[in-house]
Each structure stands twice: as C-alpha cells, then as structure tokens.
Trainee: 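Below are the structure tokens for one structure; questions will follow.
Keep in mind that this is a model prediction, so the values were computed, not measured. Naming convention: chains lettered A, B, ... in sequence-line order (proteins, then strands); numbering from 1 in each chain.
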Protein chains: 2
Amino acid sequence: MTHSFQHWCNELERKLSRNQQRLTPQRRLIADVLFAQSGHVNVDELHQLVRQRDGSVGYATVYRTLKLLETLDLVHTNTFVDGTARYEVASDDDSHHDHLICRDCGYVTEFENAEIEQLQESVAVRLGFELVDHRMVLYGRCTKVDCAHRDAATKS
Amino acid sequence: MTHSFQHWCNELERKLSRNQQRLTPQRRLIADVLFAQSGHVNVDELHQLVRQRDGSVGYATVYRTLKLLETLDLVHTNTFVDGTARYEVASDDDSHHDHLICRDCGYVTEFENAEIEQLQESVAVRLGFELVDHRMVLYGRCTKVDCAHRDAATKS
DNA sequence: ATCCTTGCAAATTGTTTGCAGCTAG
DNA sequence: CTAGCTGCAAACAATTTGCAAGGAT
C-alpha cells in the first residue's frame, strides 16, 4: 500500500543526505505535487502543476528531480500510455502492481496478481535467469457499450 | 513459429496491392534485411545493414517502411530494450511471445506461457475489461557467475 | 570557500514531414 | 499522365547538458 507523504519525504531526505545532497524547496515541492497526483503524470503536466505553486521552477529541474527520485528508487517510470515518460510514487513494501489500460479511453487501472508473479518467476528460472523485475501491461476495452471510463479520458 | 521469407513477403505484396501500394526494391530490401535479423533491431542498425546492400536508401524510407509494415501487422514494435523503437517480424499464427531480458548483458530471450495468458485474461475480465492485447517483459540476470550471454551484448 | 542546485538556453536524440524529382502502371 | 514512392533537408518533440549565478554548510 501507499504510505504517507511525510514518511516518503523523510525517506527522500535521508537518502539525499547520505550522498551530501540536499532536499531543496524545489525538490520538496516537486515531490509534494507528484505525491498528490495518484499516479502516471508526465513531465509536462507535473511541471505545470508545480508552476501553479511556484512559477520560477524550471523545466530542467523537474526532469533532474524526477531522474534523481528514480535513482533513489522513490518513484517508478513507465512509458506505456503515450510514449512519454510518466511517473508514480514507488510503493513502500516490496509489493508490485501492474497496469491494465483501456484502449478506448486510456484509463489506467492497477492490479496485483501473485499467481502470475509466481509463474513469471518459474519461467525465468526455467530459462536460467534470476528474476529481478518485470513490466506487464494489459490492454483492453470496457465491456459495456459505452466505455465506463470515457469521462476520465476527456479530463486529461 | 516463424515462417519463410517467401511466404511473408507474398503476404506483404498482397496486402500492399490491396491498397494500391507497391512492393518497391527498397521495401523488399528492408523487409529482407529485417527478416534476416532474428529480431529486435532498431532503425539505425537496420538502416546500416540496408546500406551495406544499397547505399542509396535513405533513413526516412526505413522509418516509413517499418511504420508501414507495422500497420500491415507484419512486424511488431517494442521499446523495452533501450527506449528506441525495435522491430521484429510478426508471427504467422496468432501466437504471442513475451520477452525476458538480461540486465547484465541485454540479451533478449523469447518465451510463451499459456498459463500466464489465461490468468491475464481472467484478471481483465474480473476488472470489467475485454482483454485485447498485452506486453510483458521480465528482467533478470543469468544465474552463472559469468553472464552466459555477455558475448552477445558486445556484438551490438 | 566549497560544492550542490538552479534556471536558462543551447544541444542532442529519435522520429516525422514537406517537397521536388522519379518510377511504375 | 496519375499516383505512389524516394531521398534529402528541415521540422519536431522529448530529454539532456553547459554554464554562470545563487545558496547552504
């Protein structure tokens, strides 16, 4: 499950100071905004949201901060929605969720499935690999006549 | 299983002529080179290989041809190796394979697993979607001390 | 003082497009 | 001829980088 911003931010500060790096106002702000979004923001969207709170933050800083957060393993990246990099806060525990995305409206749902993960593990072993990570995205369509999530698409 | 170039190329010609499009020498050459590579070539590599046989073929033609082949469903695209688009010949039947990629050497292995696909189907249904497609990539490491595929990496 | 960070602008990278000439039917 | 196709160069979009100035320790 996702934890509190407080906790996540402490984690961030701790990891930064370990490398003589600083939790600057810009970084804290970007982290805050990213955390507030439940997930899958791209750099442009994030930058705009950040600017609403501090108009002086530059594009490059958002890029650099996200890359930093990624190397600290505090956010995860994916590019499956529209090719541009999108970010989401990494979960605290070692749990891993995958994504199901609607081809009609672009709505993204998250899910976990231990059974599949187990099979992935055994596939890897059978092929002589130690499984480190995986990415899985299901593409589908709402089964209703009118895509139930179509509203969600227009908002983005 | 993958079929013969002959067959695949006929398929290409047929689909092209259906839309008053032509199987030009350039397109045939690109198709040939792509087919010869077992898979996962990017545009740059492909372009260089093509140029070895015909130095006059332009970059844009390679891009356009690949996009064309993709819309005709004769090749598949993926970007999971290094972010750049990579291509592989689409399989004849409706079988679908996924990829296992070594974090150490970048070697790509393919596999099929019906059990996982079945579970994906049921996950989608449970969430109210009709499953259309999926992408799955496993990231691992060779279990040997020396990555067994390291040589393959240096060649790319 | 030192060294991390920032904002800006310029540079890169991967990919797409406009256009004039060429080619097949 | 007409329409599709090509190569080139220019255009684009996403991301990265160099640099001089600002700020924390």
Side-chain angles (χ1 to χ4, degrees), chain A residues 12-34 40-48 50-72 75-87 156, chain B residues 9 12-34 40-72 75-87 156:
Chain A
L12 168 56
E13 192 157 16
R14 198 164 50 72
K15 289 186 174 183
L16 284 174
S17 64
R18 198 182 290 163
N19 310 353
Q20 296 85 259
Q21 291 176 300
R22 299 165 196 162
L23 182 45
T24 62
Q26 290 94 327
R27 286 177 178 172
R28 168 166 248 124
L29 173 56
I30 290 165
D32 191 9
V33 169
L34 177 61
H40 312 124
V41 226
N42 70 24
V43 180
D44 202 61
E45 291 159 3
L46 195 56
H47 180 236
Q48 296 207 14
V50 165
R51 287 228 159 183
Q52 287 174 15
R53 293 227 242 144
D54 177 351
S56 71
V57 177
Y59 223 100
T61 301
V62 177
Y63 267 104
R64 285 192 273 232
T65 301
L66 287 171
K67 226 173 75 172
L68 178 64
L69 289 171
E70 199 187 354
T71 66
L72 297 178
V75 308
H76 287 150
T77 313
N78 67 261
T79 61
F80 53 72
V81 176
D82 60 356
T84 78
R86 302 189 99 91
Y87 296 84
S156 73
Chain B
C9 213
L12 169 55
E13 192 157 16
R14 199 164 48 72
K15 289 187 174 184
L16 284 174
S17 63
R18 197 182 289 162
N19 310 351
Q20 296 84 258
Q21 293 177 298
R22 298 167 197 161
L23 183 45
T24 62
Q26 291 94 329
R27 287 177 177 174
R28 167 165 249 125
L29 175 55
I30 291 165
D32 190 11
V33 170
L34 177 61
H40 311 125
V41 227
N42 70 24
V43 180
D44 202 61
E45 291 160 2
L46 195 55
H47 180 235
Q48 296 207 12
L49 291 168
V50 165
R51 286 229 159 181
Q52 288 174 14
R53 294 226 244 144
D54 176 351
S56 71
V57 177
Y59 224 100
T61 302
V62 177
Y63 266 104
R64 285 191 273 233
T65 301
L66 287 170
K67 226 172 77 172
L68 178 64
L69 289 171
E70 200 187 354
T71 66
L72 297 178
V75 308
H76 288 151
T77 313
N78 67 259
T79 60
F80 54 73
V81 176
D82 60 356
T84 78
R86 301 190 100 90
Y87 296 84
S156 72

Trainee: Whole angstrom is fine here: how far is it from CG in D44(B) over to P in dT13(C)?
Mentor: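 Rounding to the nearest Å, CG of D44(B) and P of dT13(C) are 11 Å apart.
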Trainee: On a heavy-atom basis, which atom in V75(A) and which in L34(A) lie closest, and how many Å separate them?
Mentor: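 So the two residues come closest at CG1-CD2, 3.4 Å.
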Trainee: Please report the interatomic distance CZ(R14(A)) to CG(L72(A)), rounded to the nearest 0.5 Å.
Mentor: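 The CZ atom of R14(A) sits 10.5 Å away from the CG atom of L72(A).
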Trainee: Can you pull the contact range of chain B along DNA chain D, 5' to 3', using atoms under 4.0 angstrom from its heavy atoms?
Mentor: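 The contacted stretch runs from dA3(D) to dC8(D).
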Trainee: Rounded to the nearest 0.5 Å, what separation is found between the CZ atom of R86(A) and the CG atom of N78(A)?
Mentor: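 The CZ atom of R86(A) sits 8.0 Å away from the CG atom of N78(A).
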Trainee: Is the backbone N or O of Y63(B) less than 3.5 Å from a side-chain atom of H47(B), with the two atoms forming a donor-acceptor pair by type?
Mentor: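 No; zero donor-acceptor contacts below 3.5 Å.
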Trainee: Please confirm whether the backbone N or O of Q21(B) pairs with a side-chain atom of N19(B), one donor and one acceptor, at under 3.5 Å?
Mentor: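 Checked: no pair found.
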Trainee: In terms of side-chain heavy atoms, does T77(B) have a donor or acceptor partner in E70(B) at a distance below 3.5 Å?
Mentor: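 Side-chain D/A pair, T77(B) to E70(B): present.
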Trainee: Give me the atom names and distance for the closest heavy-atom approach of L12(B) to A31(B).
Mentor: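 In this case the closest contact between L12(B) and A31(B) is CD2-CB, 4.2 Å.
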Trainee: Going by heavy atoms closer than 4.0 Å, what residues in residues 14-33 of chain B are next to DNA chain C?
Mentor: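 Hits under 4.0 Å, by residue number: R22(B).
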Trainee: CG/L69(A) to CD1/I30(A) distance, rounded to the nearest 0.5 angstrom?
Mentor: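 One gets 8.0 Å once the value is rounded to the nearest 0.5 Å.
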Trainee: What closest approach, in Å, do H40(B) and E45(B) show between heavy atoms, and which atom pair accounts for it?
Mentor: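 Scanning both residues, the minimum pair turns out to be O-OE1, 4.2 Å.
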Trainee: Once you round it to whole Å, what is the distance between P of dG14(C) and OH of Y87(B)?
Mentor: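 So the OH-P distance, Y87(B) to dG14(C), works out to 13 Å.
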Trainee: Just how far, in rounded Å, is P of dT15(C) from CD of E70(B)?
Mentor: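 Whole-Å distance recorded here is 11 Å.
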Trainee: Between the main-chain N or O of L16(A) and the side-chain N or O of R22(A), is there a donor-acceptor pair closer than 3.5 Å?
Mentor: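 No, R22(A) side chain to L16(A) backbone: no donor-acceptor pair under 3.5 Å.
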Trainee: Does anything in residues 48-57 of chain B reach DNA chain D, meaning a heavy atom under 4.0 Å, and if so which residues?
Mentor: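 Result for residues 48-57 of chain B: R51(B), S56(B), V57(B), sorted by number.
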